[in-house]
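Everything below concerns the one structure shown next.
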Amino acid sequence: TKIDPEGHYATLGLNPYALKFLDEQTFEDLVKGMKREIARRLHPDTGNKATPEEQEYLKRMLAACSVLEVRERRNDYSPWLKSV
């Protein structure tokens, strides 16, 4: 099993093994905070004129956050955590 098959942890700049050392609520709060901040800075609805590269980055960030911020989705994405 790959640890980060779709690169979600890497996209957020996180070490996937950090989950072992953070309680789940702390990790979820961290991801939600990252999601809010990146959306605040780059989302077109906030009046920002993002470049195509920034728009692509926003899509990758939001996809990663949507998987990692919810325990059930995160557990499906990271089944290796259950075996540790």
Side-chain angles (χ1 to χ4, degrees):
T1 302
K2 285 184 74 175
I3 291 174
D4 195 8
E6 295 178 36
H8 292 321
Y9 292 109
T11 295
L12 297 178
L14 298 173
N15 180 336
Y17 291 106
L19 282 172
K20 292 183 190 181
F21 303 104
L22 294 175
D23 66 56
E24 287 194 29
Q25 188 61 50
T26 300
F27 184 80
E28 288 175 12
D29 291 345
L30 173 70
V31 173
K32 287 176 185 176
M34 294 172 88
K35 181 180 179 179
R36 274 192 307 274
E37 183 62 21
I38 195 69
R40 184 184 68 78
R41 291 180 183 225
L42 295 176
H43 202 280
D45 290 347
T46 61
N48 294 314
K49 302 287 186 202
T51 66
E53 294 83 17
E54 289 172 329
Q55 291 173 355
E56 183 58 35
Y57 176 72
L58 176 64
K59 288 178 191 174
R60 286 195 328 267
M61 288 290 290
L62 294 177
C65 287
S66 72
V67 170
L68 298 179
E69 72 183 342
V70 177
R71 180 184 321 167
E72 293 79 19
R73 284 186 242 153
R74 185 173 57 248
N75 288 341
D76 289 343
Y77 181 74
S78 306
W80 58 272
L81 280 174
K82 297 176 190 173
S83 64
V84 176

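Excluded from the calculations below are hydrogen atoms, water molecules and symmetry mates; all remaining heavy atoms, backbone and side chain alike, are included.
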request  = Output all residues satisfying ring-ring contact (aromatic ring centres under 6.0 Å, His included) with Y57, sequence neighbours left out; order by chain, then residue number.
outcome  = none
request  = Taking atom CZ of R73 as the centre, report whether more than 12 heavy atoms of other residues, nucleotides or ligands fall under 6.0 Å from it.
outcome  = yes
ask   = Which heavy atom in A64 sits nearest to a heavy atom in L12, and how many Å separate them?
value = CB-CG, 4.0 Å
inquiry  = Under the rule for side chain to side chain donor-acceptor pair (under 3.5 Å), what residues qualify as partners of S66, not counting sequence neighbours?
reply    = none
ask   = For residues D29 and T26, is any side-chain donor paired with an opposing acceptor at under 3.5 Å?
value = no
request  = May I ask you to decide if E53's main-chain N or O and E56's side chain share a donor-acceptor pair within less than 3.5 Å?
outcome  = no
ask   = Counting only heavy atoms not in K32, do more than 12 fall under 6.0 Å of its NZ?
value = yes
ask   = Once you round to the nearest 0.5 Å, how far does CD1 of I38 lie from CG of L62?
value = 8.0 Å
ask   = For D4, what residues pass the side-chain contact (heavy atoms from CB on, under 4.5 Å) criterion, not counting sequence neighbours?
value = H8, Y9, A10, Y77
query = salt bridge (charged side-chain N to carboxylate O under 4.0 Å, His left out) with R71: which residues, sequence neighbours excluded?
reply = E24
message = Counting C-beta onward and ignoring hydrogens, is there a side-chain heavy-atom pair between K35 and M61 closer than 4.5 Å?
response = no
task = Not counting sequence neighbours, which residues clear side-chain contact (heavy atoms from CB on, under 4.5 Å) with E72? List them please.
result = V70
key: Partner residues of E28 under the salt bridge (charged side-chain N to carboxylate O under 4.0 Å, His left out) criterion, sequence neighbours left out   = R74
Value rounded to 0.5 Å, distance of OG in S78 from CG in L68 = 6.5 Å
message = Treating T11 as the side-chain partner and G7 as the backbone partner, does any N or O pair qualify as donor plus acceptor under 3.5 Å?
response = yes
remark   = All heavy atoms of I3 vs all of P16, minimum pair found to be CG2-CG, 3.4 Å
